[in-house]
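Right, one structure below, let's go through it.
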Number of protein chains: 2
Amino acid sequence: MAELLNLNRLAYFTTVMETGSFTAAADRLGVAKAVVSHQIGKLEEELGATLLQRTTRRVTPTEEGRLFYDRAMIILREAEAAYGEISRGAVEPSGTLRLTAPLDYGTKMVAPVMAAYLRTYPHMRVEAIFDDAVSNLVDEQIDLGIRVGWLADSSNQARRLGTIRQIVVASPGFAASLPPDVTPRQARSLAWVGNAQLRGIGQWLFSREGETVLTELNPVIMCDKSPAALACVLAGIGLGVFPDYSVSDDIAEGRLVPVFADWSLPSGGIHAVFPPARFRPAKVRTFVDLLAAAERRRSRGVATA
Amino acid sequence: MAELLNLNRLAYFTTVMETGSFTAAADRLGVAKAVVSHQIGKLEEELGATLLQRTTRRVTPTEEGRLFYDRAMIILREAEAAYGEISRGAVEPSGTLRLTAPLDYGTKMVAPVMAAYLRTYPHMRVEAIFDDAVSNLVDEQIDLGIRVGWLADSSNQARRLGTIRQIVVASPGFAASLPPDVTPRQARSLAWVGNAQLRGIGQWLFSREGETVLTELNPVIMCDKSPAALACVLAGIGLGVFPDYSVSDDIAEGRLVPVFADWSLPSGGIHAVFPPARFRPAKVRTFVDLLAAAERRRSRGVATA
DNA sequence: CAAACTGTCTGATCTGATCATACAAAAGGG
DNA sequence: CCCTTTTGTATGATCAGATCAGACAGTTTG
């Protein structure tokens, strides 16, 4: 495995074969005649065979030359195809996109984007892993991770797609049972549905026009999965804190109502995180663009609602 | 057709893929780690895509990397095969040997060597052009030319295979009709069969132990093909001058007898001439070796006869 | 926490590709 | 037959880029 073949010389050789002249080949390649002459000489030396019979006037291939030309052309075509395929993949999505997203955000936001993505790029394949907090993008060979909340990772590159607001909601029935002038200050005395998915379980910071209230909630039920917690709130068990995207439909259709609507909780970010790489494949870039657009649409919708 | 792809980097990449490590790849390639790192980086830059995910601890291919590896392996295998095929051709005969030889020498000497050659290298093909004085080896794509007599060409490389002696012969019947003490001095008064193939038609220089006779012959028949001239002599029309190889059989079997046996005519050379080339293919080299051996055998046979 | 190993970076070095020019040989034109 | 043009090659200067040795930061392992 000692000596490497210098494959770059193949292009010189095939060009000479095609043009039938060193001078013409040099022109086409944009180098000096002497370079072509030298490179062909080196190639012949490597092969230990004469490829081209050169009179001062004409250059004709030997039998070896003709044989080698066919092989060289195959190699170059193959190489061009390989380079093209990969380089095109940098422009146009191709292959399989492996992504991961939190379950609730995934079902609400990512799944529709996946559908749109597959409509736009029908020959793509998508593998989605809907799980909260995936360990390692590199080990799992994941192209794209969606993280909602507050980024913990540091080594991965990330792009912010949007913002989540956390909203306190209750079923209309439960909301009606609350005192009309209730504020977060009475939070501890109310019935809460806890959601282990969101951080800051212990304390929540409510704020309104510079006025802030830091309070502990008092979960009467603690669920470790968002959909379960949501189901509890829908059932009228108590108040719950959820990211806007997961309750917006229920609010719009009257199944839930916001509570403390003029107060706000700390907002988190929605981030796309990528494994460390010099270049971002098109399949990832386009998907993230789609998702970001969906996020912008959503935030406008929320803003106007 | 502007930018050339640097195909040499493919070997770096495949080695990293196979060893699964930059360090191991560097070892196998016999270069520094930094070189491999740099070359892979350049390759990824050329492609505009990341091929290998590298943690400090492990290196895993991306989807593009795995895809590209397959293509790269095909290319490298193809290249190795192409180089091998040609390089092997420099050691072991392969392909087609195109040769040219004079008709008479060809039928007597070259044809048997061709037979032996094909027995030794059964997968070879030979194209023989039996014609006297072929114009241009390069234009006709001829690998090997046999020239008998006196070399005129200058630009081609040549190798001397042997010597021809020219012999004056006659049929036994015609020889019997000659005066027993006839010498070349009486040449002009004898009946000659002319052979346009041999040069020096006009005058012949006979020599014996320092004694020389320059004389003109007197052709009663002039043939432009050696075999025809030979047929005339065999028919007893007159004396003829022929190269030794073309009459040795007839002499041995008594159909012809030498005349002026103790005189000699200018001897010529038998040469193998080659088109200008840096390297001589094995198919040519081996054939010439065989022919040279046959010539040595012949000259010994003549010497002992 | 230390040791070993990873891939990458840095600056010096040097191979080898490239260039501009000159040249010999051959073909074509007058 | 001379002259011009065009061929591929030779030459020496120049420069890009490959290579190397060593240092480095990060991770895994014990």
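In this text the structure is predicted, and so the values were computed from the model without any measurement. Heavy atoms only: backbone and side chains are in, while hydrogens, waters and symmetry mates are out. In what follows, every chain begins at residue 1, and chains take the letters A, B, ... in the order their sequences are listed.
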Find the distance [X]:[atom1] to [N]:[atom2] and express it as a whole number of Å.
X	N	atom1	atom2	answer
B:Phe22	C:dC9	CZ	P	11 Å
B:Asp27	D:dC20	CG	P	12 Å
A:Arg54	C:dA25	CZ	P	17 Å
A:Glu45	C:dG16	CD	C1'	13 Å
B:Gln53	C:dG7	CD	C1'	14 Å
B:Glu46	D:dG17	CD	P	11 Å
A:Leu52	D:dT9	CG	C1'	14 Å

TODO: Establish, from distance only, whether the side-chain atoms of A:Tyr69 and A:Glu18 form a donor-acceptor pair under 3.5 Å.
DONE: yes
Task: NZ/NE/NH1/NH2 to OD/OE distance under 4.0 Å, A:Glu295 and A:Arg159 - done: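 A salt bridge is absent here (no side-chain N lies under 4.0 Å from a carboxylate O).
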Open item on the list: Any salt bridge linking B:Glu63 with A:Arg98? Criterion: basic side-chain nitrogen under 4.0 Å from a carboxylate oxygen.
Closed with: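 Not counted as a salt bridge, because no side-chain N and carboxylate O are separated by less than 4.0 Å.
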Does [N] have OP1 or OP2 under 4.0 Å away from a side-chain N or O of [X]?
X	N	result
A:Ser21	D:dG8	yes
B:Asn6	D:dA18	yes
A:Asn8	C:dA17	no

Open item on the list: For B:Phe274, does the six-membered ring have the charged nitrogen or CZ of B:Arg280 within the cation-pi criterion, i.e. under 6.0 angstrom from the centroid and within 45° of the normal?
Closed with: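 So B:Arg280 does make the cation-pi contact.
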TODO: Compare the minimum distances between each of D:dT7, D:dT19, D:dA18 and the side chain of A:Lys33, then state the nucleotide with the smallest one.
DONE: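 In terms of side-chain proximity for A:Lys33, the closest of D:dT7, D:dT19, D:dA18 is D:dT7.
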TODO: Select one nucleotide: of C:dT6, D:dG8, C:dT18, the one nearest the side-chain heavy atoms of A:Thr23.
DONE: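 Of the options given, the side chain of A:Thr23 lies nearest D:dG8.
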Task: Nearest-0.5 Å distance that lies between atom CD1 in B:Ile146 and atom CD1 in B:Ile270 - done: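 Rounded to the nearest 0.5 Å, the CD1-CD1 separation comes out at 9.0 Å.
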TODO: Quick one: closest heavy-atom pair of A:Leu52 and A:Thr62, and the distance?
DONE: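 Here A:Leu52 and A:Thr62 meet closest at N-CG2, 4.2 Å.
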Task: is_close_aromatic(A:Phe68, B:Tyr83), centroid dist under 6.0 Å - done: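 Yes, they do, as the ring centres are separated by less than 6.0 Å.
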- [ ] Using a cut-off of strictly less than 4.0 Å between a heavy atom of the residue and any atom of DNA chain D, enumerate the qualifying residues of residues 34-44 of chain A by number.
- [x]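 Those residues are A:Ala34, A:Ser37.
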